[in-house]
Amino acid sequence: MAKIHNFSAGPSILPQEVFQEASQAVLDFNGAGLSILEMSHRSKEIVAVMDEARALVKEIHNLGDDYEVLFLQGGASLGFLISAYNMMRDNKKGGYITTGSWASKALKEAKWLGGGVEVATSKPENFNHIPKGYSIPADLDYLHFTSNNTIFGTQFHDMPSTDLPLVCDMSSDFVSREVDASKFDLIYAGAQKNMGPAGTTVFIVKKDQIGKSSIDIPTMLNLQTHAEKDSMFNTPPVFAVYVSMLVLRWVKKHGLAEIGRRNAEKSSLLYTEVDRNSLFKGTAAVEDRSHMNPTFVLADGVDESLNQAFLDACKDANISGVKGHRSVGGFRASMYNALTIESVQLLVDVMKDFETKNG
Ligand SMILES: *Cc1c(COP(=O)(O)O)cnc(C)c1O
């Protein structure tokens, strides 16, 4: 079978060596004579997996004992509600920077709880940039933002600066660059963009924020429930956490600094071609362009039929996943950690060739 260069936005590419090791664990986990899929989550082998995954998240982010790491279910979409529930204090008001579809969905959950306030938005410009120069009301319990906008191809290159507790949906750029995680009170991320398979969501929460909500929280949505039981209040998504653990080992081996450098190099290679090529143009403000999900469309005046023709050219080159999201159109080349620069170079070559034939 031909190698496919996977530019999918998620679920997405993971390191090949992780697929190998995970498939072995399905057959026989560490010589136990059992598949990882049939082992009790209370067995010492699985408890070790859960503990290592949680420890790796802390280690990679240089976090100490003042932080708790949890692997839960429900996706980042349930994280919108979990974060709002757990971070509401006496003001019963969370502030949101709405920079895209996911950020808007997070705000919706806080509004459902009766306390979501939009602090800034780039919606009138179809989310093509990160808002700047806004003021943050002082009577908020927390400030929520989405560090990377998977659909619109923008990314916070500088984190918002505030004295409020900082909450971040980091789903699509988790472990993709160096971040000062100690500036955050709560980070959550669905695994399936950069860390693992769908089925688990990581939460990194400052311990002194646990159990402080002004709202009565249903058991399963209360981070305290899970913190008290080391993410084992009920059966955890063992296999999703195991694969995430393997990816986190890979991240630790390379280091966030090196991974961030490579991701910047990959995106710069692609954006340079988008800007050079007469058939294409970028959609996001240059200073806010995402290193993870570059978005681009046909340049003004270019025949629309080239949309499908370009996707066909990609397919012929064994490149998959570059069709843009319907809310932006055109193309999106997601370049998560495990995608190599050779794959990006191939896409760039296809773009050059496409221009020669159609320009
Ligand atoms: C994909 C994504 C989500 C939704 O994740 P689910 O796990 O499918 O709920 C939320 N936020 C961001 C930034 C995403 O990229």
Side-chain angles (χ1 to χ4, degrees), residues 6-23 25 36 46 48-63 67-80 82-83 102 146-151 155-156 167-179 181 184 186-205 226 231 236-260 262-263 266-267 290-293 321 334-340:
N6 186 7
F7 288 80
S8 167
S12 56
I13 185 168
L14 296 174
Q16 199 60 36
E17 63 211 74
V18 166
F19 291 139
Q20 293 284 352
E21 197 168 348
S23 58
I36 189 167
I46 302 299
V49 166
M50 297 296 296
D51 287 348
E52 183 177 343
R54 293 165 59 236
L56 279 167
V57 170
K58 273 201 197 179
E59 203 183 327
I60 288 166
H61 292 95
N62 297 313
L63 291 172
Y67 280 84
E68 185 71 63
V69 175
L70 305 168
F71 281 90
L72 308 181
Q73 300 188 54
S77 297
L78 190 58
F80 302 152
I82 291 177
S83 52
W102 301 117
T146 310
S147 51
N148 181 71
N149 299 287
T150 328
I151 293 175
Q155 187 172 26
F156 280 82
V167 179
C168 183
D169 171 5
M170 225 177 255
S171 292
S172 55
D173 63 356
F174 192 63
V175 295
S176 75
R177 57 176 171 172
E178 282 186 295
V179 285
F184 295 82
L186 175 62
I187 293 170
Y188 62 100
Q192 72 275 17
K193 306 282 164 55
N194 231 345
M195 185 178 61
T200 191
T201 313
V202 65
F203 287 76
I204 304 176
V205 56
H226 302 286
S231 289
V238 172
F239 190 63
V241 177
Y242 172 69
V243 180
S244 299
M245 181 203 80
L246 295 178
V247 175
L248 291 165
R249 281 183 185 167
W250 180 93
V251 168
K252 183 183 150 185
K253 188 176 82 184
H254 295 286
L256 277 192
E258 172 62 12
I259 286 177
R262 281 191 211 170
N263 287 332
K266 287 185 302 188
S267 68
S290 169
H291 292 324
M292 295 280 98
N293 313 95
S334 299
M335 311 197 297
Y336 295 113
N337 288 347
L339 189 85
T340 63

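It should be emphasised that the depicted structure is a prediction, and the values quoted were computed from it without experimental measurement. FYI, side chains are in, hydrogens and waters are out, and symmetry mates aren't considered; it's all heavy atoms of this structure.
Shown here for P236 and M50, the closest heavy-atom pair between the two residues is CB-CE, 3.7 Å. Residues K193 and S172 come closest through the heavy atom pair CB-CA, 3.8 Å. When every heavy atom of A338 is checked against every heavy atom of P15, the shortest pair comes out as CB-N, 3.4 Å. Minimum heavy-atom separation, S244 to A240: OG-O, 2.8 Å. Closest non-hydrogen pair, S290 versus S267, comes out as O-CB, 4.3 Å. Across all non-hydrogen atoms, the minimal contact from L256 to S176 is CD2-N, 4.3 Å.
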Given side-chain hydrogen bond (donor to acceptor under 3.5 Å, both in side chains), test S334 with N293 step by step and report yes or no.
-> CA-CA 4 Å; S334 299; N293 313 95; 2.9 Å; yes
CA sep, side-chain torsions, deciding dist, call: E68, H226, side-chain contact (heavy atoms from CB on, under 4.5 Å) = CA-CA 10 Å; E68 185 71 63; H226 302 286; over 6 Å; no
From CA spacing to verdict: side-chain contact (heavy atoms from CB on, under 4.5 Å), K252, E59 | CA-CA 8 Å; K252 183 183 150 185; E59 203 183 327; 3.1 Å; yes
For I36 and V238, run side-chain contact (heavy atoms from CB on, under 4.5 Å): C-alpha distance rounded to whole Å, both residues' side-chain angles, the deciding distance at 0.1 Å, then the answer.
-> CA-CA 8 Å; I36 189 167; V238 172; 4.2 Å; yes
Output, in order, the C-alpha distance, side-chain angles, deciding distance and verdict of side-chain contact (heavy atoms from CB on, under 4.5 Å) for V202 and I187.
-> CA-CA 8 Å; V202 65; I187 293 170; over 6 Å; no
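In this structure, S8 contributes its side chain and G10 its backbone to a donor-acceptor pair below 3.5 Å. In this structure, T200 contributes its side chain and L72 its backbone to a donor-acceptor pair below 3.5 Å. Using a distance-only test at 3.5 Å, with no hydrogens or angles considered, no donor-acceptor pair links the side chain of E52 to the main chain of M245. With N194 contributing its side chain and D173 its backbone, the two residues share no donor-acceptor pair below 3.5 Å.
Rounding to the nearest 0.5 angstrom, the gap separating the CD1 atom in I151 from the CG atom in N149 is 9.0 Å. Between the CD1 atom of I259 and the NZ atom of K253 there is a distance of 10.0 Å, given to the nearest 0.5 Å. The CG atom of L56 lies 11.0 Å from the CG atom of D51; values are rounded to the nearest 0.5 Å. In this structure, E258 CD and E178 CD are separated by 10.5 Å, a value rounded to the nearest 0.5 Å. Distance check: M195 CE to F71 CZ gives 5.0 Å after rounding to the nearest 0.5 Å. Taking OG1 of T340 as the start and NZ of K266 as the end, the distance is 7.5 Å to the nearest 0.5 Å.
Contact of the W102 side chain with the S171 side chain is not registered, since no non-hydrogen atoms from C-beta on lie closer than 4.5 Å. E21 is not listed as a side-chain neighbour of V243, based on a closest heavy-atom distance of 4.5 Å or more. Between I82 and F203 there is a side-chain heavy-atom pair separated by less than 4.5 Å. V57 places a side-chain heavy atom less than 4.5 Å from the side chain of F174. Inter-residue side-chain proximity for N263 and M292 is flagged as met; some heavy-atom pair is nearer than 4.5 Å. Counting only heavy atoms from C-beta outward, the side chains of S147 and C168 approach each other to under 4.5 Å.
In this view, F156 and F145 satisfy the ring-ring contact (aromatic ring centres under 6.0 Å, His included) rule, not counting sequence neighbours. For Y336, there are no ring-ring contact (aromatic ring centres under 6.0 Å, His included) partners at least two apart in sequence or on another chain.
Among L70, L186, L63, the one residue that satisfies the side chain to side chain contact (heavy atoms under 4.5 Å, CB included) test with I204 is L63.
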